[in-house]
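Some notes on the structure that comes next.
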Amino acid sequence: MTDKQQNKLWGGRFSESTDQFVQEFTASVNFDRRMYRQDIFGSQAHATMLAEVGVLTDEERDAIINGLAEIQKEIEAGEFQWSVALEDVHMNIEARLTDKIGITGKKLHTGRSRNDQVATDIRLWLRDEMLIMEEQYLHLMTGLLNLAEREAATIMPGFTHLQTAQPVTFGHHLLAWFEMLKRDRERLLDCKKRVNRMPLGAAALAGTTYPINRERTCELLGFDGVCENSLDAVSDRDFAIEFCALAALTMTHLSRISEELVLWTSAQFNFINLPDRFCTGSSIMPQKKNPDVPELVRGKTGRVNGHLISLLTLMKSQPLAYNKDNQEDKEPLYDAVDTIKGSLRAFGDMIPALEPNREVMREAARRGFATATDLADYLVRKGIAFRDSHEIVGKAVAYGVEKKKDLSDMSLSELKQFSDQIEDDVFDVLTLEGSVSARNHIGGTAPDQVRAAVARARQALDNTGH
């Protein structure tokens, strides 16, 4: 057996060295070493528990814990030598620990396997990342609420089929974005309950004969509970799939918002301005100001959707328990986390800085007969059946198209030619302000309702621990 082979922590069974290409092909250390903190944290808790049940002495425990702390400093100082020959983050750290403290380092792996170790590390790592994301959601959602409150009475057209439908307010529209993100954050908080379960102690797949105390390790690591079945504990990746599902939904929502931002910053809409720091120019057209941040977020949505499909496909045919396939769980998960964190950060800084062009928005709402439904409702209140009032207003709109007049620009005599039920009070509902204020109910467009919705949303965020 060669020296290289002897350095393998599992090399006793093998009579020849791993092929160089296979060694590089199967190694994961180039990407899973980002979990070094979680690997060290888990190992320190495991050593603490082993000492408490008498598997390690107190001296051995202290040597392991202190040695791991020194290794963490080496890694963070850029002094640690990562080796592809040692395959992954776990074996790299364990081998270095043995170099530092001798044979005691080899005792660390007592009562566990890389299978339950990696499953634990991934959960610890994702839990840490989700804590960051919680704050990122909160930052973005708070920015939306502040902007919505400020623009509660700013009138703009509401759209269906991207055609002018009814007047709304910019604040009301922003609260629709808020509701999307509110659901996303709720999904994150709910997913964390299933992420925060501890596989450690399941060993390779069947538990261990050592007198371990899983509940104690669980307590040390801050998990909510242990994974109850050893086979499932090492092979389950539902939590990663679930996270990627919520990430895909969040990115889909950010992509929808991005599409509107891209449209609204165009010269054709000119509803909003994005600060220059969120835009770039053209190498050939000096007048261009491109909304690169929303465009890029819109583009990144596809990769996160792809990661969800990748993980679903990875798991769909795996028999129990652990299989090498599961090494492929990390890169999609890592990239999904990186992408959503970057997107949330960009939007959290950009959204509060949006500058609405209020007069442009209002003028756009005047076009397209946005108060037609209000006129139909007015006629219903005068005793005309809705289907009949719908037809009456349709004829009035056709007249307006021909004469190039909005309903609010028509005289009373012009309007009365379509129904003698129309009186002077019709102009109270044909104004944009009258239209949005008339929908004065929970979820409606009235500025007071927008402000009330903002207040409720702030209270709800406070009740979730913020």
Is it true that the NZ or CZ of R127 lies under 6.0 Å from the centre of F223's six-membered ring and within 45 degrees of the ring axis?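 R127 over F223 ring: yes.
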Within 45 degrees of the axis of the six-membered ring of F239 and under 6.0 Å from its centre: does R123 put its NZ or CZ there?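 Satisfied, under 6.0 Å and within 45°.
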Are D128 and Q38 linked by a side-chain donor-acceptor pair shorter than 3.5 Å?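 Q38 and D128 do have a side-chain donor-acceptor pair below 3.5 Å.
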With distance as the sole criterion, is a donor-acceptor pair present between the side chains of Q117 and H46 under 3.5 Å? no
Tell me, do [X] and [Y] make a side-chain contact under 4.5 Å, heavy atoms counted?
| X | Y | result |
| --- | --- | --- |
| L50 | K107 | no |
| V118 | D88 | no |
| I71 | Y36 | no |
| F170 | L174 | yes |

With sequence neighbours left out, the residues meeting side-chain hydrogen bond (donor to acceptor under 3.5 Å, both in side chains) with R112 are S43, H109
Checking Q318 now: which residues fulfil side-chain hydrogen bond (donor to acceptor under 3.5 Å, both in side chains) with it, not counting sequence neighbours? N323, N326
Run the numbers on E151 and M156 for side chain to side chain contact (heavy atoms under 4.5 Å, CB included), then give the verdict. CA-CA 10 Å; E151 305 299 333; M156 67 174 291; over 6 Å; no
One pair to check against salt bridge (charged side-chain N to carboxylate O under 4.0 Å, His left out): E52 and R61. What are the steps and the verdict? CA-CA 9 Å; E52 289 178 358; R61 174 202 62 203; over 6 Å; no
Would you call [X] and [Y] a salt bridge, taking side-chain N to carboxylate O under 4.0 Å as the test?
| X | Y | result |
| --- | --- | --- |
| R216 | E219 | yes |
| E260 | R298 | no |
| D338 | R34 | yes |

Inter- and intrachain pairs under side-chain hydrogen bond (donor to acceptor under 3.5 Å, both in side chains), touching residues 198-215, at least two apart: none
Anything under 30° is parallel, anything over 60° is perpendicular, the rest tilted; go ahead and classify W264 against F271. tilted
CA sep, side-chain torsions, deciding dist, call: D32, D121, side chain to side chain contact (heavy atoms under 4.5 Å, CB included): CA-CA 10 Å; D32 69 13; D121 286 0; over 6 Å; no
Could you walk me through whether D329 and R237 pass the salt bridge (charged side-chain N to carboxylate O under 4.0 Å, His left out) test, one step at a time? CA-CA 8 Å; D329 64 354; R237 294 299 183 271; 2.6 Å; yes
I'd like to know whether D190 forms a salt bridge (charged side-chain N to carboxylate O under 4.0 Å, His left out) with R187, so could you lay out the CA-CA distance, the side-chain angles of the two residues, the decisive distance to 0.1 Å, and finally the verdict. CA-CA 5 Å; D190 193 56; R187 277 185 278 266; over 6 Å; no
With rounding to the nearest 0.5 angstrom, report the CG to NZ distance, L314 to K316.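 So the gap between those two atoms works out to 10.5 Å.
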Just do the side chain to side chain contact (heavy atoms under 4.5 Å, CB included) check on Y322 and L205 with the steps written out, would you? CA-CA 7 Å; Y322 181 84; L205 76 161; over 6 Å; no
Hey, mind stepping through D39 and W125 against side chain to side chain contact (heavy atoms under 4.5 Å, CB included) and telling me if it holds? CA-CA 9 Å; D39 192 73; W125 178 83; over 6 Å; no
Please walk me through it: do R194 and D238 pass salt bridge (charged side-chain N to carboxylate O under 4.0 Å, His left out)? CA-CA 9 Å; R194 285 170 288 283; D238 290 3; over 6 Å; no
